[in-house]
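Below is one structure, written out as structure tokens; the observations come after it.
Model, not experiment: these values are computed from the prediction. FYI, side chains are in, hydrogens and waters are out, and symmetry mates aren't considered; it's all heavy atoms of this structure.
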Amino acid sequence: MRTKLQNILIDIQEKVNFSGTVLVENQEKVALVSQSFGYANRSEQIDNHAKTRFGIASGCKIFTAVAICQLIEKGKLAFDTKLCDCLPEHFKYFDEHVTIAHLLTHTSGIPDYFDEEEMENFEALWVENPMYQLRTLRDFLSLFQNRPMKYKVGERFHYNNAGYIVLGLIVEHATGMDFSDYIQQHLFDRVHMTESGYFSLDSLPANTALGYIDNPDGTWKTNIYSLPVKGGSDGGAFVTGKDMAKFWSALMNFELLNEDLTNQLLMPHVELNENDSYGYGVWIKKNSEQAILKYHVMGYDPGVCFHSAYYPASSIKVVVCSNKSKGAFDMMKGIEATL
């Protein structure tokens, strides 16, 4: 399988000019394949490699969901805790029936600061709201807190970044800690994700890939002016392939949450179609027999694309990180055809 996977990845890379790293790891934490392509820094021609850190955009919503579940495990919150009881001073226009469970499952109906049903270009946000001013979760509030509800509470699934900003604020309120510090201490450090973190784009640590946006005419630019300076509870963490595999192992072995809360996080809470559903911060795909095929997370931003999955039948973990806007899905599709 190793050679077959390697050949498939090379073939896909040649077709889509993939830039990033790919890790496929088995139950024994042995890499079936670990390959990297392209440059972490194009100007200096610094190669991507296994220890390169990549932005994962919305792929880290699952970290936020774990943080909330940890606070529920400690008795500080409950899934039916109402938003108006957590942060009453911030959201006077939101329905008083919005709960933490609604926020986790994108069914709250609150307005989003980047609504994919209304906007196509993420960068358009920064025309009136300079991205260099967005460094904390509270910096996002003015983008959505005074807008009316978009849908009735629980009416439908509507992917919502603002909802996860709100969840991060709840974590900060409940713990007295900055959200990124909480995740560092209670998630990354706890499971030895030693290379991961929420880094500012204007002060990136060593071994971090710059994100690249390719133009149709062959020119390119980095994404430093296309994203908030620092990611938060809705997305924007940086990980290595190995660290993300550590996360899946820790989650499935109940190292981050007890068994009951782990199962609740991974439970299908919103059915999207016959085979796809959403848990708490995680997508769930079933096979034709309606058994769980995979738990997976994904993220897309200008200069970032990311897919990662855990396959319960085999305990295989797949991580695909890219510092371009496209390519991760192609790699994931090729890998899954081989597994």
Side-chain angles (χ1 to χ4, degrees), residues 53-68 70-71 76-77 81 83-94 98 100 103-104 106 108 110-115 119 122-147 159-189 193 196-205 208 211 222-239 281 299 301-304:
R53 316 173 209 241
F54 292 88
I56 62 172
S58 289
C60 58
K61 281 185 170 68
I62 194 170
F63 302 161
T64 303
V66 167
I68 290 289
Q70 287 178 339
L71 296 177
K76 294 186 176 182
L77 299 170
T81 299
L83 172 59
C84 61
D85 294 329
C86 297
L87 303 167
E89 73 277 18
H90 291 312
F91 306 109
K92 58 183 178 180
Y93 298 107
F94 292 2
V98 172
I100 285 175
L103 295 167
L104 285 167
H106 304 282
S108 67
I110 71 169
D112 198 1
Y113 73 86
F114 176 66
D115 193 329
M119 303 176 66
F122 191 61
E123 294 174 283
L125 278 172
W126 319 130
V127 175
E128 297 181 1
N129 307 282
M131 81 298 295
Y132 53 80
Q133 294 183 353
L134 300 177
R135 292 181 181 270
T136 71
L137 298 184
R138 288 178 179 269
D139 293 336
F140 286 85
L141 285 174
S142 63
L143 302 182
F144 67 92
Q145 71 178 143
N146 294 317
R147 294 165 57 189
Y159 193 80
N160 194 311
N161 291 291
Y164 271 71
I165 291 289
V166 174
L167 288 169
L169 288 167
I170 291 171
V171 171
E172 292 187 339
H173 180 75
T175 64
M177 297 178 67
D178 178 83
F179 174 80
S180 59
D181 290 341
Y182 179 90
I183 297 296
Q184 187 68 50
Q185 180 177 333
H186 295 276
L187 199 157
F188 296 157
D189 292 349
M193 294 172 66
S196 300
Y198 288 83
F199 309 130
S200 297
L201 292 179
D202 55 1
S203 57
L204 293 174
T208 304
T222 68
N223 64 358
I224 190 169
Y225 295 119
S226 304
L227 302 175
V229 176
K230 185 178 180 181
S233 49
D234 64 329
F238 289 81
V239 304
D301 271 339
V304 177

(message) Return the CE to CD1 distance between M193 and I183, rounded to the nearest 0.5 Å.
(response) 10.0 Å
(request) List for me each residue that meets side chain to side chain donor-acceptor pair (under 3.5 Å) alongside H106, sequence neighbours excluded, and say none if there are none. (result) Y278
Just list the side-chain donor-acceptor pairs under 3.5 Å for residues 227-234, sequence neighbours left out, or say none.
| unit_1 | atom_1 | unit_2 | atom_2 | d |
| --- | --- | --- | --- | --- |
| K230 | NZ | S180 | OG | 3.2 |
| S233 | OG | Y164 | O | 2.7 |
| D234 | OD2 | Y113 | OH | 2.3 |

(request) First locate atom CG of L137, then atom CD1 of I165, and finally report the distance between them rounded to the nearest 0.5 Å. (result) 5.0 Å
(message) Going by the rule side-chain contact (heavy atoms from CB on, under 4.5 Å), which residues pair with P205 if we only count those two or more places apart in sequence or in a different chain?
(response) R53, F199, T208
(request) Return the set of residues passing side chain to side chain donor-acceptor pair (under 3.5 Å) with N146 (not counting sequence neighbours), or none when no residue passes. (result) none
(message) Using a 3.5 Å distance criterion without hydrogens, assess whether the side chain of N160 forms a donor-acceptor pair with backbone atoms of G163.
(response) yes
(request) Please list, chain by chain and in numerical order, all residues satisfying side-chain contact (heavy atoms from CB on, under 4.5 Å) with T175, sequence neighbours excluded. (result) L71, V171, M177, Y182
(message) The criterion is side-chain contact (heavy atoms from CB on, under 4.5 Å); which residues satisfy it with D189, sequence neighbours excluded?
(response) Q184
(request) Identify the heavy atoms of N161 and S58 that sit nearest to each other, and give their distance. (result) OD1-OG, 3.7 Å
(request) Could you grab the distance from atom CD1 of I68 to atom CD1 of I170, nearest 0.5 Å is fine? (result) 5.5 Å
(request) Kindly compute the distance separating CD1 (I110) from OH (Y93), expressed to the nearest 0.5 Å. (result) 15.5 Å
(request) Quick one: sort the F144 and F91 rings into parallel, tilted or perpendicular, breaks at 30° and 60°. (result) parallel
(request) Check S226 against P302 and note the closest heavy-atom contact, atom names and distance. (result) CB-CB, 3.9 Å
(message) Quick test of your reading of the model: are R135 and D202 salt-bridged, counting only N-O distances below 4.0 Å?
(response) yes
(message) Return the CD1 to SG distance between I100 and C86, rounded to the nearest 0.5 Å.
(response) 4.5 Å
(request) Would you confirm whether D139, through its side chain, and T136, through its main-chain N or O, come within 3.5 Å as a donor-acceptor pair? (result) yes
(message) Tell me the closest heavy-atom pair linking C60 and G235, and the distance in Å.
(response) SG-CA, 3.4 Å
(message) Does any part of the side chain of L201, heavy atoms only, come nearer than 4.5 Å to the side chain of Y225, both counted from C-beta?
(response) no
(message) For T64 and K61, which I'm curious about, is there any donor-acceptor pair between the side chains at under 3.5 Å?
(response) no
(message) Is there a side-chain contact between L83 and F94 in this structure, where contact means two heavy atoms from C-beta onward sitting under 4.5 Å apart?
(response) yes
(request) Kindly write out the residues that satisfy ring-ring contact (aromatic ring centres under 6.0 Å, His included) with F63, not counting sequence neighbours, or none if the list is empty. (result) F188, F247
(request) To the nearest 0.5 angstrom, please state how far the CG atom of L143 sits from the CG atom of D112. (result) 10.0 Å
(request) Name all residues meeting the side-chain contact (heavy atoms from CB on, under 4.5 Å) criterion together with H90; count only those two or more places apart in sequence or in a different chain, and write none if there are none. (result) L87, R138, L141, Q145
